[in-house]
Structures are given as C-alpha cells and as structure tokens.
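Below is one structure; the comments refer to it alone.
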Amino acid sequence: MKTFHSHVSTSIFIFIFSVFYSFHSVLAIDTITSTQSLTINKTLVSNGEVFELGFFDPGNGNLYIGIWYKQIQQKTYVWVANRDTAINSSTGNLTITDNGNMVLVDEAGAVAWSSDDSDQSTQVVNTVAQLLDNGNFVLRPQNDQNPENYIWQSFDYPTDTLLPEMKLGWDKKSGIHRFLRPWKTNNDPGTGDYSFKMTINGFPEILLSHNETKTWRTGAWNGKMFSGVPVMKGVSIMQFEFRDTSDEISYSFKMLNSSVHSRLVINSSGINQRYVWLETTKAWNVFWTFPVDFCDHFETCGPFGICDANAAPICKCTTGFRPKNKHAWDLRDGSDGCERSSKLDCGSDGFLRMKNMKLPESSKAFVDRKMNLSECGAICKRNCSCAAYANMNITEGGSGCVIWEVDLIDMRQYAESEDGGQDLYVRVAASDLDKPPMTGNTKNSSGNGSKVGRVVGISISACGVVIFLLILYFYLRKKKKAQTLKRSSIRKERTEDVILKDGVILPSRRDYHGDTVMDELELPLFDFTTLAIATNNFSDTNKLGQGGFGCVYKGTLMEGEVVAVKRLSRVCEQGIEELKNEVRLIAKLQHRNLVRVLGCCIEVEEKLLVYEFMENKSLDMFLFEKEKSMKLNWKIRISIIRGCARGLLYLHQDSRFKIIHRDMKASNILLDKEMQPKISDFGIARIFGSDQTEAETKIVVGTYGYMSPEYAMEGHFSTKSDVFSFGVLILEIISGKRNRGSYNTSNNLNLLGQAWTLWNEGNALQLVDYALGDRFSKNEVLRCIQVGLLCVQGQPEDRPSMSKVVLLLSSETVRMPQPKHPGLFTRKTDNETVSPSIVDDNMTINGITLTILDGR
Ligand SMILES: *[C@@H]1O[C@H](CO)[C@@H](O)[C@H](O)[C@H]1NC(C)=O
Ligand SMILES: *[C@@H]1O[C@H](CO)[C@@H](O)[C@H](O)[C@H]1NC(C)=O
Ligand SMILES: *[C@@H]1O[C@H](CO)[C@@H](O)[C@H](O)[C@H]1NC(C)=O
Ligand SMILES: *[C@@H]1O[C@H](CO)[C@@H](O)[C@H](O)[C@H]1NC(C)=O
C-alpha cells in the first residue's frame, strides 16, 4: 500500500514536473495515460528498471520507438514499434487517443504508427499504456491489470527478438500469428527478408525462411526439444515450453533466475542466435547459433537423403535406397536425393528403425496423439502410401503417432554422442531388411550390425502379432461404426417425420435426407484450421456481415483466392439442419445468378460454408445508403431486377428441384464486380416435389416486409410467396426505400401501399428514387412498377409465375394485366399476428427476421 502510494505520488509529481518542464527529462514511470504523451527526450522505464522504452535513432537518421534493456550499456533493442514507418522529422509524439488507442505522430502530426491496425477502433475509454518488467508494452483499461484484458500488447507483434515469456506461434482464439522478422540491416530496423515462423499444419515446427524459401527448420517438438536442436538438452538456466492445444500452438521459454537475461534473435543474414548476458564481462554471450552446418541447410540431401555432418560425404542413402543421380552424388552434390533400390510390395514391407534422426519435414504429416508406437506402425504398414512413422513425443517411453505419406525431406542423423533427434521408422522392402546397412558412410551407431538386425527381426515378428490383433480390432470397430451410422440415420428420419407433422414437407426426403446426402456431396471439404487462418481467425475486421444463422467473413486461402466464409453460430442448434439443407441444395445448383458455394467444413463443433467472394457485398448496402445509391443507375438497377428474376426462376422451375427460397430480400442479393446480382442464403429454402405446389408450416421464417400475407399469417408458402417477396424487392430497387419502415405518417401506408396509391392516381413515377434524377427510361420504370405490383397482389393465384415475370420484364410488347389490390401488410395487423420473438436478432441491419412459432 505504502509503495503504491509513494509510486502514485512520485508519478503525479513527475507528471506535473514534466508538464512544466517538458524538455529533456526522464519520466521515471512506466505508464502513460490519456492525458500524457511521450516525446523525444522522455522515456518509460519498467517498474523494476529492467526495460526502457522511448525514441531512438539506430544510426540511419530516422526516429523509431523501441524497447531496450535499461541496465545494459550497449543499446540492445528488443522491439520496435514503427519499424517500417520511421519518422524522419526531428521529433515525434506518442499519445493515447480518445478511443483508447496508442498513436505515434511525427512533427507534422501525421500518424506513423498506431496500436490499432484494424478498421474498427477499439472503443475502450480510459486506457493506459504500460511497460512491464518482462519487456511487454501493454495497453490496458486504466484500472485493470489482468493480462487477459490487454487491449493490445507488443508481445503480439514481435520484431526480431523473442524474450522470455513471449510466445512464438499461433493464438487460435485471437487469430494472431506471432513470428520473428529480422532488421533489414544493422542500422535499419525495417522488416528484413527472413522469417522465423511456426508452421501450423501437420506436426508443427519452426521454420526459418528467406522470402518464401525455407532455409532451416527446427524439426518438430518431441516433448523435450525441437528434434533438430539437440543443444536444447541439458540447459539448466531456462525452461522451454511448447503448447499445441485447441487454443494455441506456441513456443516460449522462461528464465529460472529472472535476473539472467536471454533472448533469441534472427539477424539480417538469417542467423538465429540465442544470447545470454554475462554480468562478469558485460557482454552478450552466444548460447547457440543456427543453422550450424551444411546439414541444417534445408534439403541438402534431397528426398529420402540423410545428412550426416560427421561423415564424408555428408549425404547418404539408407538401406534399401541408392543415389538418384549417381554422377552428381559422386561430385558430392546430394540434392537429388535417393531412390528405392528394390520395389516395395505393400503387404510384406518392413520398417527400418533409424536412430537419432531429425524427423523429416512434417507440414503434411498425419498426427494422432492417442496412438502408441505399435498402433502407429500397424496403421503405417496397412497404408501403402505411408513412407515412415515415428513417435510424436519421446518422453515417458514415447507416445503419439506421426505418419509421413510423402517423400521424406530434410532428414539428418546425429551421432549417438550428440544424442539428438529420435527414432524414425522408414518403410523398406522386406528383402532389404536382411541386408547390412549400406556401405561406408552409414554410421552404424554401436557398430554392431547383428544387433540392429536382431532388433528389426524381433520387431517384425512382434509386428505380425500386433498387426493381426489390429486387423481384428479395426474390423470390429468398422462393424460397430456401421451400426452407429445406421442408428443415427434412423434417428434422423424420425426427426424429419416430426417436422413433417408440423407441415414442412420434404417429399423427396428419401433421396435427400441426412447422412446419405452428406456422403453424396461432391463438395470440397475444407478443414477448420485452413478457414480459421484464411479469415484471420474470424476476426471482426474480416466480418462481412451477419445473416441467417451465422456470420460471414472474408477469407484469403493460402493460394490467394478470396472467399466468403459463413460460420454458423454455435448456439443455434437449428442452424445445423439449416446448413445441411443449404449445403445439399446449393451443391446441386449452378446458375450465374446464384451464389456459388466452393466447399464446406462440417466438424464436430464447427459448421462452415465457403462461397465465392462478392466484391460489392449486398444490394441493401447500396440501395439504402444515400451516397452509394448514386452508383446504382437505372441500367444497373434493371439488370439487377432481371438477374434476380432469372435466378429465382431457376430455383422455381429450371433446376432439378423445385426450390422455394423463402427469404428473398435485398440483403440476400449479392453483387459481383460487375454489379451482377447473385441470390444467396438458402438456409431456409425448402425442396418441393415437382408435383407439389404449396405447403404449410407452423414455423414461419422470413423477413418482415417481404413476407406474403398468406405466409406470414397462415404459414402457407409456395413459389407465389417468393414472387410476392420479389415484387417487394422490385419496388424497393425502384424507390430506394425499404418496405418496412417506410410508413408515410399521414396515411399510414407502407411502400406497397404508397406504390399502389400512386399507381392508381397515375403518379407512379413519383415512386422513383431521387438518386436517379431523371436519368431513366420512363417506359421501363413503369413496366417494372407494374410487374412489381402484379407480384405483390393479395391473392397468390393472381400473382404471375416467375417465368411470366421474366417474360414481362424482358419484353416491351407483351400485354400486361392491371394489378389488383396488393397484399397490404400494415403495422397494426402485424402486432396481432407476428410475434417479434427473434430467430436471429443479428440481422438488425437488413430487416428483422421473424419467427412465428405456432401462429395459431
Ligand atoms: C503530444 O500530443 C498531445 C496530444 O495530442 C498534445 O497534448 C501534446 O502537446 C503533444 N506534445 C508535443 C510535445 O507536441
Ligand atoms: C541470479 O542471477 C544473478 C545475476 O546473474 C546472480 O547474482 C544470482 O546469484 C542468481 N540467483 C540465483 C538464486 O541463482
Ligand atoms: C548475423 O550473425 C552471424 C553470426 O554471428 C554473423 O556472422 C553475421 O555477420 C550477422 N549478420 C549481420 C548482418 O550482422
Ligand atoms: C492412407 O492412404 C490413403 C490414400 O491411399 C489416404 O487418403 C489416407 O489418409 C492414408 N492415411 C491414413 C493414416 O489412413
């Protein structure tokens, strides 16, 4: 308490002091608040005086904000804020803005750096920025020290240095991928060409790359160390930690004596070094350096080649393999690697146990944490494409299983005395197993060939028994699984029966129910991790919108393709059925006015759909926004109307099924680069038997303002209820107004009412959006209004079919009937029948989606 008080009073004193004398003073405080700022001659010092933060010039005449060790004379920068956006004026100013973010501005007031790199600003007022004793510079709510609540922290944006407690790797919750990039040169902290980055596919490891070229990899974590970093063993001053959980994949270290400093750095020539500070000599001592030798350079010995730094030549082929390019090999160029000398025969092949191996490149490896080594071996043996296997974790007798079904790349073998790496079992032909290990340069560990032979022999016969048992096990398991599957599809059928009683009819359900359909889907499956990475872990920045049963995110796949990813809200049980429905429908539909689905991901916890990305988002964003609606000239509007009509016609008639969309509205019309419309969101669509025209439901799902009266009030839906919604859409496109909310206060009419009144008064053109001015064809507009009114007529049987609508819209000559009274839908009656208990209260922007549960 006392220290707290004295600390506060010192800070206050110093703050006051610094306000009055804001030149060359060291703020002996670790925090800036929203009323303070950090300028050129001031620094922040962490509470225990371990780290200092301030402006510095690395010798290139520019100013940066960085962090260095307070007590170490030779400036050692561990972090730089604006590494690529240097200030080249003589002063800068770091402050906290009104919305709680940190910004760095130059003399002219231009922003050089900000802690907020997203479009949406963090809206936390009263934040403070604090430099902690571990070197982390954090932005947090003023009275909240909880690390979980940091709004921003420098540890999430490493420069070239990994400090104790800092994590390198991927945080799956926040989507932040932390990795090191060196300085450009020794006096330019700008981002250099190398990266030191955790791979997150297969069996994770850390990869050093020059631009995109791999130069060194640590090898995967084997429970004790990275399999290619044997020097991690026997380190007594620090502890290494590797986490691979559902929340993160990360590597970090911590010092056992916190007054000893250590840091891991990548320098601009791509050298990874760990240093420790020696108090005695007042110098940084190199603890280790990587890459160490030729064998560390990525793929020195090519596929299946094994690098042995203690041998000459360094590349070798193991038993059962021979150099692929003998000539180059003799010239000591091993980069072509090795090839098999005998043909494999899947059934009888054996496995060669190789000791002290740095495991092959493993981004495509298959891993299973639960299997033990013999199960792993049995799986590998059964699968003819399996080239090798190993334990994931070598502590406590070994556990987990890694399987490679690709060429084995970048292997190296350590000498027994180095005690690096681990056992790797490589598939070889049975005939090769009996042969002695290959000539010359194979360092046959103990020099006792027969011992190796014996071990192999024993493991083969033991394997035989194990394999027999396993085959039995898998046979039984498969049988059991088949039964479970059957059971679940029976259960499924029953749920659909219930729905049937409720009136949502799926007459074609024999073909299209449940798992059968999911099996039939010829839709690419994405794995969740891929989609999480693509969307920056579903960050808010990537959010495109919220719609039926989930959020939609923009994503960029590894290959650079931009997609939209719809993630179903986990809470919404109903959503899963909706998704299956959507998947099974949309997978079979192809039309240029329907959004194309590129794949899906259906995992236990997660259901996602991947769509083509639509550059121009949705129609409502243009139509109902003053500025943007100017861009929708009449030509575009009519082409949108016609496109939607064709898309809907396809759904109703031309596809193999009869599909009622049930939620046609502006926000479900997406626009591509050329402003061509595509209908999306089949979440609540229903397949109809082609002979069926109408159905009933107690569960009315749709959007207020677009629902036909018979659907909203009685739950009847048919293609004609879609036609009604389409009519509303036409009138909205022409008027630029929403049907709901556009009540004319004096006569209490909604858009349909207004259109009807104006039409009867002969003033229909008054409906046209002001944004169009007079730049439109009067004939076309009138025709569209008339079609719109025909579509929204009160009686379903009076409304035209979509094929008629398409015809009316495209022809100037077809005679059109006079519309009858529209299905007016005034607010008063709604309140009686429509309970606004919301299915999806997320859809606030685009109109309210309502559910009427048991409308009667
Ligand atoms: C730094 O910025 C803050 C906030 O904009 C301002 O109050 C302060 O005067 C600036 N300091 C200097 C030295 O320019
Ligand atoms: C921790 O390190 C400091 C500085 O290197 C040393 O003086 C101190 O004795 C160490 N403490 C322990 C408990 O080893
Ligand atoms: C990077 O570190 C290595 C090893 O200490 C050194 O030889 C090399 O010169 C360094 N590169 C630069 C650009 O300082
Ligand atoms: C086995 O082989 C097939 C292809 O031949 C592959 O798709 C499958 O994933 C393999 N791996 C395992 C571990 O079953």
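Atoms within a ligand are numbered from 1 in the order they appear, just like the ligands themselves.
- Distances between N or O atoms of Gln273 and those of ligand 3 include at least one value under 3.5 Å.
- Below 30°, between 30° and 60°, or above 60°: for Phe242 and Trp221 the angle between ring planes is below 30°, a parallel geometry.
- For atom 2 (O) of ligand 3, the nearest non-hydrogen atom of the protein is Asn267 ND2, 2.1 Å.
- Annotation for ligand 3: atoms under 4.0 Å from non-hydrogen atoms of Asn186 are 14 (O).
- Other residues, nucleotides and ligands place no more than 12 heavy atoms under 6.0 Å from the CD atom of Gln73.
- Taking atom 4 (C) of ligand 2 as the reference point, the nearest protein heavy-atom neighbour is Ser259 OG, 4.0 Å.
- Inspection of the Asp247 and Thr245 side chains reveals no N or O donor paired with an N or O acceptor under 3.5 Å.
- Atom NZ of Lys364 has 12 or fewer neighbouring heavy atoms from other residues, nucleotides or ligands inside a 6.0 Å radius.
- With hydrogens and angles ignored, the 3.5 Å screen pairs no side-chain donor or acceptor of Arg140 with any backbone N or O of Glu148.
- Counting non-hydrogen atoms of other residues, nucleotides and ligands closer than 6.0 Å to NZ of Lys233 gives a total above 12.
- Here the protein heavy atom with the shortest distance to atom 12 (C) of ligand 3 is Ser269 OG, 3.4 Å.
- Among all protein heavy atoms, the one lying closest to atom 9 (O) of ligand 2 is Asn257 ND2, 4.7 Å.
- If you number the atoms of ligand 1 from 1 as listed, the ones under 4.0 Å from a heavy atom of Thr95 come out as 1 (C), 2 (O), 3 (C), 4 (C).
- Here the protein heavy atom with the shortest distance to atom 5 (O) of ligand 2 is Val260 CG2, 4.0 Å.
- A salt bridge links Arg412 with Asp293: the closest approach of a Lys/Arg side-chain nitrogen to an acidic carboxylate oxygen falls below 4.0 angstrom.
- For atom 14 (O) of ligand 3, a protein heavy-atom neighbour is found at a distance under 4.0 Å.
- Neither the backbone nor the side chain of Thr185 comes within 4.0 Å of ligand 3, counting heavy atoms alone.
- Atoms of ligand 1 found under 4.0 Å from any heavy atom of Ser37 (numbered from 1 in listed order, with element): 1 (C).
- Ring to ring, Phe226 and Tyr251 are close: their centroids are under 6.0 angstrom apart.
- Heavy-atom proximity to atom 11 (N) of ligand 1, evaluated over Asn93, Leu38, Thr39, is greatest for Asn93.
- Trp284 and Thr76 form a side-chain donor-acceptor contact under 3.5 Å, judged by distance and modelled atom types alone.
- Close approach of ligand 3 to Ser268 is summarised as follows: ligand atoms under 4.0 Å from at least one heavy atom of the residue are 13 (C).
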